[in-house]
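A quick note: this is a predicted structure, and the numbers were derived from the prediction, not measured. Numbering of ligands and ligand atoms starts at 1, following listing order.
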Amino acid sequence: MNPADDRERVILLTNDDGITSPGLLALKKALSSLGRTEVFAPDRNWSAASRTRTFHKPLRVDPVPMLDGTVGRATSGTPSDCVSLALLGLLDTRPDLIVSGINAGLNLGRDVSYSGTVAAAMEGARSGIPAVAASYDTLQAPSADPDYDQAAEFIRRLVAFLLARPPLPAGILLNVNVPYTPAGRTLHARLTRLGGEAYSNYLVTGKDPHGREYYWITGDPLTDEAAGDVGTDLRAVAEGYVSITPIHLDMTEHALLTTLRSWEAELDRAA
Ligand code: MN
């Protein structure tokens with residue numbers, strides 16, 4: 001046995017829905033059999049915060065009792081801040097893995113760049129720590145208080161799998177989306193690429209009580225028919241599979257870069 005295997009695994013948990021989110025609690029319960037779970041989560045909902053960082057004011061971190069009787073840490077920062085705080089010294093060790101979620105609602109396609117759930121996992125990938133962003137299709141659940149246990153059980157299976165094998169290269173995170181799953185159904189996974197937009201976008205306008213116009217940017221999930229090509233995360237979830245997409249922090253368009261190199265000389269000539 002590798003000496004490192006004797007050490008207790010440490011899994012850092014965070015989310016963007018806030019520390020009281022039932023998805024986070026379900027995740028903690030499911031993963032606690034795999035190691036020591038440590039929660040650093042925002043004290044409020046930061047959904048769609050993307051990689052917002054707090055640089056212009058100090059942050060607060062408070063212990064809060066979780067519903068399973070353990071203590072988590074609630075921070076006044078964003079999801080990215082939560083992971084940073086843990087990795088920059090508030091967690092007593094470097095975690096073996098970071099899991100962000102389980103988010104209430106899917107994070108698919110090009111819309112992942114808005115996601116605070118994915119952003120928190122990116123903060124792990126930035127530090128070379130294996131990271132998983134986990135989201136569940138709560139919109140399809142018949143209850144307003146959806147049960148995350150099926151999704152959490154799949155994430156437990158995935159995390160056990162990841163911990164037992166060599167880590168992925170640094171700078172990579174896994175974006176995992178679980179379709180709505182009634183109890184008792186076994187989930188199967190597809191490895192996917194990101195699809196297109198997952199939501200429509202439109203504006204709701206109105207007048208506030210003082211007669212002043214307001215504008216509310218909103219949207220609806222696009223239908224399964226709009227889910228796009230075979231092989232995408234959108235298509236996989238529409239067909240009832242768990243989607244697992246490897247995401248790289250390097251957003252460079254490498255293929256086009258080679259073509260565009262000729263611009264260097266052309267721009268010189270235009271000088
Ligand atoms: Mn969220």
Could you tell me whether a side-chain N or O of T138 sits under 3.5 Å from a main-chain N or O of P146, the two making a donor and an acceptor?
no
Answer yes or no: is there a donor N or O on one side and an acceptor on the other, between the side chain of D17 and the main chain of A104, under 3.5 Å?
yes
Is N103 close enough to the Mn ion (ligand 1) that one of its N, O or S atoms comes in under 2.8 Å?
yes
Quick check on the Mn ion (ligand 1): does S47 put an N/O/S atom closer than 2.8 Å to it?
yes
Can you check the angle at the Mn ion (ligand 1) formed by OD1 of D16 and OD1 of D17? Round it to the nearest 10°.
90°
Return each pair, listed once, that meets salt bridge (Lys or Arg N to Asp or Glu O under 4.0 Å) where at least one residue sits in residues 241-257; pairs must be two or more places apart or across chains.
none
When you compare the side chain of T70 with that of T37, does any pair of heavy atoms fall below 4.5 Å?
no
